[in-house]
There are 2 protein chains.
Amino acid sequence: MEPNPVIKGSLTTIILKLLEESGRMYGYEMTRAVREVTKNKMDITEAALYPALHKLVDEGMLETTSEVVEGRMRKYYSLTKKGKKETVFKINALKEALESLNIILNSNLSNG
Amino acid sequence: MEPNPVIKGSLTTIILKLLEESGRMYGYEMTRAVREVTKNKMDITEAALYPALHKLVDEGMLETTSEVVEGRMRKYYSLTKKGKKETVFKINALKEALESLNIILNSNLSNG
DNA sequence: TGCTTATACCTAACAAAATTAGGTATAAAA
DNA sequence: TTTTATACCTAATTTTGTTAGGTATAAGCA
């Protein structure tokens with residue numbers, strides 16, 4: 001059973017949501033957290049994740065601090081003030097979009 | 001209140017779902033149907049829709065019949081046998097992906 | 001009559017975002 | 001010592017949607 005890819009366009013919002021919940025996380029940790037909470041059904045790939053993280057930093061949504069832990073580098077990301085505001089909007093927009101999509105996927109035109 | 005864009009990657013599945021429900025529809029009708037069932041919250045643009053329809057025809061998922069109704073051309077689309085099978089898979093995959101996304105958006109790591 | 005709105009199809013150029021397919025490096029386990 | 005896990009990353013390509021149009025008919029309004 002292969003995992004679903006991330007629904008396109010939702011990756012940025014997923015990142016923001018994870019950071020809103022956790023305070024700070026590093027990239028690799030995000031990939032594991034998503035696998036875990038979705039029981040391996042969703043997999044965010046590192047090749048999509050890292051560029052998305054860098055873009056959010058460029059946009060002023062995230063800030064980073066780097067640490068070396070057990071001989072390996074970790075780059076922690078956290079929300080900036082601007083990022084916190086944006087997170088609220090993005091999550092609401094995505095939730096609304098998901099509701100619309102659910103209406104279509106669950107509609108039964110012949111009965112409704 | 002501007003409508004949400006379609007969640008990227010879901011347009012194909014939306015088309016298949018509409019045709020599974022309705023049997024046959026034409027492009028313009030699909031844009032109206034989506035607006036109506038979602039109460040104007042989702043808007044599928046014709047510039048995204050028509051290329052997506054053509055691609056599905058190329059892939060053998062849809063077949064078309066053209067008619068002139070009230071002086072205007074209508075191109076009706078319906079699912080092929082292959083398209084019907086594919087529709088089941090695509091809808092299930094998208095529903096699973098939405099469930100995973102909902103888990104993340106509704107997760108409260110501090111309480112869970 | 002002329003203008004606008006609704007219906008109905010479409011494409012080209014561009015941008016955004018993810019995929020494919022790698023690469024580097026350390027630590028731990030087999 | 002080879003593999004697995006951790007941890008970062010990029011380049012080229014593909015997929016998909018957006019922006020910004022175009023064509024044409026019919027109906028409604030001024």
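Lettering follows sequence order; numbering is per chain, from 1.
At D/dA26, none of the side-chain N or O atoms of B/Arg72 fall inside 4.0 Å of OP1 or OP2 (strictly under the cut-off). In this structure, B/Lys55 reaches the D/dT16 phosphate: one of its side-chain N or O atoms is under 4.0 Å from OP1 or OP2. A/Tyr26 has no side-chain polar atom (N or O) that falls below the 4.0 Å cut-off from OP1 or OP2 of D/dC8. A sub-4.0 Å separation between OP1 or OP2 of D/dT6 and a side-chain N or O of A/Arg32 is present. Using a 4.0 Å cut-off, some side-chain N or O of B/His54 falls inside it from OP1 or OP2 of C/dT11.
Atom CG of A/Asp58 is separated from atom C1' of C/dA16 by 15 Å (rounded to the nearest Å). Rounded to a whole Å, the CD1 atom of B/Ile14 is 13 Å from the P atom of D/dT16. Across the protein-nucleic acid pair, A/Leu49 atom CG and C/dA18 atom C1' stand 12 Å apart, rounded to whole Å. Atom CE of B/Met42 and atom C1' of D/dG17 are 14 Å apart (whole Å). Rounded to an integer number of Å, the gap from CD of A/Glu29 to P of D/dA7 is 8 Å. With rounding to whole Å, A/Glu70 atom CD is found 10 Å from D/dT6 atom C1'. Straight-line distance from the CG atom of A/Leu53 to the C1' atom of D/dC8: 11 Å, rounded to whole Å. Rounded to a whole Å, the OH atom of B/Tyr28 is 15 Å from the C1' atom of D/dT23.
Of the candidates D/dG17, D/dT6, C/dC9, the closest approach to any side-chain atom of B/Lys8 belongs to D/dG17. In the set D/dT18, D/dT6, D/dT16, the nucleotide with an atom closest to the side chain of B/Ala47 is D/dT18. The side chain of A/Tyr50 lies closest to D/dA7 when the candidates are C/dT11, D/dG17, D/dA7. Residue B/Ala48 places its side chain closer to D/dT18 than to any other of D/dC8, C/dA8, D/dT18.
At the heavy-atom level, B/Glu46 lies under 4.0 Å from base atoms of the strands shown. At a threshold of 4.0 angstrom between heavy atoms, the contacts of B/Thr45 are confined to the sugar-phosphate backbone, with no base atom among them.
Between A/Glu86 and A/Lys82, no side-chain nitrogen of the basic residue sits less than 4.0 Å from a carboxylate oxygen of the acidic one, so the salt-bridge criterion is not met. At a threshold of 4.0 Å, the pair B/Arg24-B/Glu67 counts as salt-bridged, since one of the basic side-chain nitrogens sits closer than that to a carboxylate oxygen.
How far CG of B/Leu53 is from CG of B/Leu11: 7.5 Å, rounded to the nearest 0.5 Å. Atom-to-atom distance recorded for A/Glu21:CD and A/Leu16:CG is 12.0 Å, nearest 0.5 angstrom.
Of the residues B/Val69, B/Val68, B/Thr65, the one that meets the side-chain contact (heavy atoms from CB on, under 4.5 Å) test with B/Arg74 is B/Val69.
Along DNA chain D, the nucleotide closest to B/Gly71 and the one closest to A/Pro51 are compared, and the more 5′ of them pairs with A/Pro51.
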